[in-house]
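Please read these numbers as outputs of a predicted model, since none were measured by experiment. In listed order, ligands and their atoms are each counted from 1.
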Amino acid sequence: MSYRSLLSILDLTPGEVNQLLDAAASYLPRIEAGGFKDATLKGYSALLLFYEASTRTRSSFELAGKMLGMDTINIGAKGSSVEKGETVRDTALTLNAMHHNVVVMRHEAPDAVALFARYFDRAVLNAGSGRGQHPTQALLDALPLRQAGVLQRSKRIAIVGDLKHSRVMRSNLQLLTSFGLDVVLVAPPTLMPEGWEGLKPAYWAADPTGYGEVSWSTDFDRVLPGLDAVMMLRVQRERMGDAHITNTDEYSKLYGLSRRRLKLLPESAVILHPGPVNRGVEVGEDVFADPRCLINDQVTSGVALRSALLCWSCGKLEGTDGQA
Ligand code: NCD
């Protein structure tokens, strides 16, 4: 049986991304109708190993696993042997000896999931590694973008907010530019990641000349009218050791998606946010009532995408290598 791990977006070929999105799209109607039950992964186990807080990611993986017939087991940092000083390597070796089929892992250190995967023989799915990567979020974001006709060359998306600490931005930037979208990063200088110019992968897409451009602006008002999509990100206070923003009101005035700014965004554009949302900071109340808002669609898409991904990781997705 062949297993596949997903540590970063670059572990997938562009063809596989499309295959996963197609599979997720086919799960979507069944999930919207209240869920499904099949036996595709009956007899398989998924261990959800979350060292950081999560609502959407963990529960959507668990729901997807259960709908596919998997046995799902939850472990958090609290109550695990990590509290007793066990290392990531020893945790991986221990869980490997239990023969779990899939480990879905979130950790605050950017390299911890990749380290774990070195000592685990079956599938490891990265559910968020510090400020490093969050590949399943980028994939689930791509689904509503594709359905809105935005996932294509020359479309323009802004990713706005705390980019310095954002794994969501890093994975999305790789995925979106490879589909040929131009990405405008909008953030104050203190929340821009160092070396942002180098974040675009140089080699991954089937047609490297088709990569979208990446630029940076501090002027949200000027960027808004030219957009096909805007992705708002949370101000991640838990990752800020020092003062990156002087005050939340000031930040919100300059970078929040307010009622006034909604008017600057084209009618045809769409609004994304991975959640959790700080209402009144990066998005105003009006965003949720706006017909362009796809925030809830992203959550549903998460269940569909993770259903497809669990099948893929166990070689059970039709048309992929190692199909069972
Ligand atoms: C994000 C995460 O944890 O990286 N949320 C998520 O997975 N839906 C973004 C965030 O925490 O702001």
Visitor: One residue to check: Val168. Relative to ligand 1, which of side chain, backbone, both or neither has a non-hydrogen atom less than 4.0 Å away?
Guide: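 The side chain, only.
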Visitor: I'd like the name of whichever of Arg167, His134, Arg131 reaches closest to atom 3 (O) of ligand 1 through any heavy atom.
Guide: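 Considering heavy atoms of Arg167, His134, Arg131, the nearest to atom 3 (O) of ligand 1 sits in Arg167.
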Visitor: Can you sort out which atoms of ligand 1 are near Pro274, meaning under 4.0 Å from one of its heavy atoms?
Guide: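 Checking each atom against Pro274, I get 8 (N).
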Visitor: Name all residues meeting the side-chain hydrogen bond (donor to acceptor under 3.5 Å, both in side chains) criterion together with Arg222; count only those two or more places apart in sequence or in a different chain, and write none if there are none.
Guide: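 side-chain hydrogen bond (donor to acceptor under 3.5 Å, both in side chains) check on Arg222 returns nothing, list empty.
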Visitor: Of all the atoms in ligand 1, which lie at a distance below 4.0 Å from a heavy atom belonging to Gln137?
Guide: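 Those qualifying, in numeric order: 6 (C), 7 (O), 8 (N).
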Visitor: Within the structure, does Arg106 bring an N/O atom to less than 3.5 angstrom of an N/O atom in ligand 1?
Guide: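 Right, the criterion is met.
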Visitor: Which is it for Glu52 and ligand 1 at heavy atoms under 4.0 Å: side chain, backbone, both or neither?
Guide: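 Neither part.
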Visitor: If the cut-off is 4.0 Å to any non-hydrogen atom of Arg234, which atoms of ligand 1 fall inside it?
Guide: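 Going through ligand 1 atom by atom, the ones under 4.0 Å from Arg234 are 10 (C), 11 (O), 12 (O).
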Visitor: Among Leu28, Leu20, Leu305, whose side-chain contact (heavy atoms from CB on, under 4.5 Å) with Leu143 holds?
Guide: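 For Leu143, the side-chain contact (heavy atoms from CB on, under 4.5 Å) test succeeds with only one of Leu28, Leu20, Leu305, which is Leu28.
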Visitor: Mind telling me whether Tyr44 and Tyr3 have parallel, tilted or perpendicular rings, with 30° and 60° as the class edges?
Guide: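 Perpendicular, since the angle between the ring planes exceeds 60°.
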Visitor: What I want to check is whether the side chains of Asp219 and Ser217 have a donor and an acceptor closer together than 3.5 Å.
Guide: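 Checked: Asp219/Ser217 side chains show no N/O donor-acceptor pair below 3.5 Å.
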Visitor: Under the rule for side-chain hydrogen bond (donor to acceptor under 3.5 Å, both in side chains), what residues qualify as partners of Ser171, not counting sequence neighbours?
Guide: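 Scan of Ser171 (side-chain hydrogen bond (donor to acceptor under 3.5 Å, both in side chains), adjacent residues dropped) gives Gln133.
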Visitor: Do Tyr27 and Met67 touch side chain to side chain, with heavy atoms closer than 4.5 Å?
Guide: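 Contact flag for Tyr27/Met67 side chains = no.
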Visitor: Heavy atom of Gly275 under 4.0 Å from ligand 1?
Guide: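 Yes.
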